[in-house]
2 protein chains.
Amino acid sequence: MTLLKNPVFQQLRKSGALSAEEEKRLLELEEKPRRVDACETLWHENDRVDAFCVLKQGWAYSFRTLDSGAKQILKLYLPGDIIGMRDFGFSRRLAGVEMIDEGVVCPFSHQQFFEVVDYSATLASGIVAIAVRQQAMLTERLVYVGRHTAQQRLAHFLYELYLRLSRIDAVKDNTFSLPLSQEQMGDALGLSSVHVSRTFTMLRDEGLVLRDRQRVQLPDPAALACMAEFSDAYLDESIPSPFLDLHVIRSRAQLRHA
Amino acid sequence: MTLLKNPVFQQLRKSGALSAEEEKRLLELEEKPRRVDACETLWHENDRVDAFCVLKQGWAYSFRTLDSGAKQILKLYLPGDIIGMRDFGFSRRLAGVEMIDEGVVCPFSHQQFFEVVDYSATLASGIVAIAVRQQAMLTERLVYVGRHTAQQRLAHFLYELYLRLSRIDAVKDNTFSLPLSQEQMGDALGLSSVHVSRTFTMLRDEGLVLRDRQRVQLPDPAALACMAEFSDAYLDESIPSPFLDLHVIRSRAQLRHA
DNA sequence: AAAACTCTATAACTTATGTTATGAATTTTT
DNA sequence: AAAAATTCATAACATAAGTTATAGAGTTTT
């Protein structure tokens, strides 16, 4: 997975909004791949912000630790996601990030990012759009953690994952791998691990979710989405047309500079 | 309140990172002020995304409406905030936005934003940093809605407001105006209005919050922050040093282009 | 292969918060 | 100024989710 394969950049590319040089610059952010182990910490809460990462392989999550020792998992990162944009413009990390399984990340520095932004407004806007989309998932979780039952929360969580994984071809026969313990899912959804277990049992009894260890199957994804009151607008991948005209604006601006 | 007065741009300015032309460009985003009434809708969920707004005067909030008719309030906007960056890169609004009291907004278009980004990486980064800071508040609310008691949630909400209002000089004698009904606070915190009322009573009994209609007084803000387990990192206004060197990177890049 | 862990399911019990209802206090409309 | 509509406080009751405990199933270590 590269950034260039992200649907946002795919659309820009197809519409001819990306020059060869821009594609090259974007790929330069992924120049320094690094293997990371399962459970490895990428950074801690409160560390100095020095780098962002493209996640090439593996799963990761960001989290906050509370005084009580409880964890709140903020965001699950899948291959192709950018990790750490949440901290852009802050001196210190607002959240820790850990790998779930082993994988590969490509760190890039503040300065590299600035250079890309400075070189191309199109690349800058594309990266911001990707970051905004990631935040949108978090916003959506606030809605359902605040207002929905445990069943709906878990159903929503599983269905969102199902959609995200589908897009990177990680779903076969409505089945995917979910390398999270029930405790971790509880930490993401604001539920106790016991209640996550109870809720899985209920979802199984209703025929909505079959699970065997890390294998999860959704026999009727539509029914699951419906009971979770899932609204997929926030996962919409299509970018608005003004975006595609960016390079036009850009050329006009260059004319003006000249 | 102008964008230029936002702490992010104030810092850039003081460190000499903003040219006169850049300041001018930034102010051009605020060229079309419009009076808006109390309770006026700025846009609905699912509207086409056409503009963003600088909120000059008054309070606003963004929200999602659920199938059940319940509302989840996502974010409170105070003067100096940018409204709508959450939807950047999406075709449709993910949330509605309404004014709370009357005020003034300055809408600017996608295209105007692109032109600013294209003109200056410094301005682009500054605006992104402001948007990231706003999202950070939302992320923080996920943490306490997911993991904290009603008392802590309300305490956190009030203390965060107290800090944000302090920065725009809207707090006198630890007292500020809060033009939200208890039902609306419930909608923000994922609580019923009845329980918000109960919780206010508890906070009063503990001497942490005095309230008379829209006047709210925090006799001991530090104690309130403590009981809410408030961590103020996410409201930190200082931007990291690579930011301040942006114009240096920029000039280097221009040299390379030449 | 046994031992030690970790994860999961389920039960019993507790508690925080939701729901419904009522009356008083404010605010808005007529 | 009266009437109508909100908003707020409080009570009584209902319930979803938390907590603690136990045992089995899987996994890892020895």
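Just so we're on the same page: letters track the sequence lines, and every chain starts at 1.
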Can you pull out how bent the helix from dA1(C)-dT30(D) to dT30(C)-dA1(D) is, comparing the axes over its first five and last five pairs, to 10°? 50°

Looking at residues at least two apart in the chain, or sitting in another chain, which of them share a side chain to side chain donor-acceptor pair (under 3.5 Å) with Arg211(A)? none

Under 6.0 Å from the ring centre and within 45 degrees of the ring axis: does the NZ or CZ of Lys172(B) meet both conditions for the six-membered ring of Phe176(B)? no

Can you list, in residue-number order, the parts of residues 191-210 of chain A that come under 4.0 Å of DNA chain D, counting heavy atoms only? Leu191(A), Ser192(A), Val194(A), His195(A), Arg198(A)

The criterion is salt bridge (Lys or Arg N to Asp or Glu O under 4.0 Å); which residues satisfy it with Arg93(B), sequence neighbours excluded? Asp50(B), Asp87(B)

Ring-plane angle category for His156(B) and Tyr234(B), please: parallel below 30°, perpendicular beyond 60°, tilted otherwise. parallel

Sequence-distant partners of Arg35(B), salt bridge (Lys or Arg N to Asp or Glu O under 4.0 Å), two or more places apart: Glu102(B)

What is the separation between atom CD on Glu183(B) and atom P on dT26(C), rounded to the nearest whole Å? 20 Å

Do any side-chain atoms of residues 161-170 of chain A form donor-acceptor pairs under 3.5 angstrom with protein atoms, and if so which ones, sequence neighbours left out?
residue, atom, partner, partner atom, Å
Tyr162(A), OH, Asn174(A), OD1, 3.4
Arg164(A), NH1, Leu76(A), O, 3.2
Arg164(A), NH2, Leu76(A), O, 2.9
Arg164(A), NH2, Asp81(A), OD2, 2.9
Ser166(A), OG, Tyr162(A), O, 2.6
Arg167(A), NE, Glu237(A), OE2, 3.4
Arg167(A), NH1, Leu235(A), O, 3.2
Arg167(A), NH1, Glu237(A), OE2, 3.2
Arg167(A), NH2, Glu237(A), OE2, 2.9

Grab the two heavy atoms, one from Tyr77(A) and one from Gly84(A), that are nearest each other, plus how far apart they are. OH-N, 4.4 Å

Could you tell me the separation between the CG atom of Leu224(A) and the CG atom of Leu203(A), rounded to the nearest 0.5 Å? 7.0 Å

Exercise: do Arg198(B) and His195(B) side chains pair donor with acceptor under 3.5 Å: yes

When you measure from every atom of DNA chain C, which of residues 59-76 of chain B have a heavy atom less than 4.0 Å away? none

5' to 3' contact window, DNA chain D with chain B (heavy-atom distance under 4.0 Å): dC8(D) to dA12(D)

Which of residues 144-156 of chain B have a heavy atom under 4.0 Å from DNA chain D? none

What is the distance, to the nearest angstrom, from the CD atom on Gln182(B) to the C1' atom on dG18(C)? 16 Å

Distance-only check: which donor-acceptor pairs under 3.5 Å involve side-chain atoms of residues 127-139 of chain B, not counting sequence neighbours?
residue, atom, partner, partner atom, Å
Arg133(B), NH1, Asp236(B), O, 2.5
Arg133(B), NH2, Gly89(A), O, 2.2
Gln134(B), OE1, Ile82(B), N, 3.1
Gln134(B), NE2, Ile82(B), O, 2.9
Gln135(B), OE1, Arg86(B), NH1, 3.2
Thr139(B), OG1, Gln135(B), O, 3.1

Going through the checks in order, is the side chain to side chain contact (heavy atoms under 4.5 Å, CB included) test met by Lys71(A) and Leu66(A)? CA-CA 6 Å; Lys71(A) 239 184 195 182; Leu66(A) 309 185; over 6 Å; no

Got more than 12 heavy atoms from elsewhere within 6.0 Å of CG, Asp205(A)? yes

Can you confirm whether or not the ring centre of Tyr61(A) sits under 6.0 Å from the ring centre of Phe63(A)? yes

Figure out the CZ/C1' separation between Arg211(A) and dT8(C), and round it to whole Å. 7 Å

Checking all strands, does Gly186(A) fall into the base, sugar-phosphate, or nothing category for heavy-atom contacts under 4.0 angstrom? nothing

Only pairs at least two apart or in different chains count here, so list each side-chain hydrogen bond (donor to acceptor under 3.5 Å, both in side chains) that has a residue in residues 214-228 of chain A. none

Between C1' of dC7(C) and CZ of Arg213(A), the distance in whole Å: 6 Å

Who are the salt bridge (Lys or Arg N to Asp or Glu O under 4.0 Å) partners of Arg64(A), not counting sequence neighbours? Glu45(A), Glu140(B)

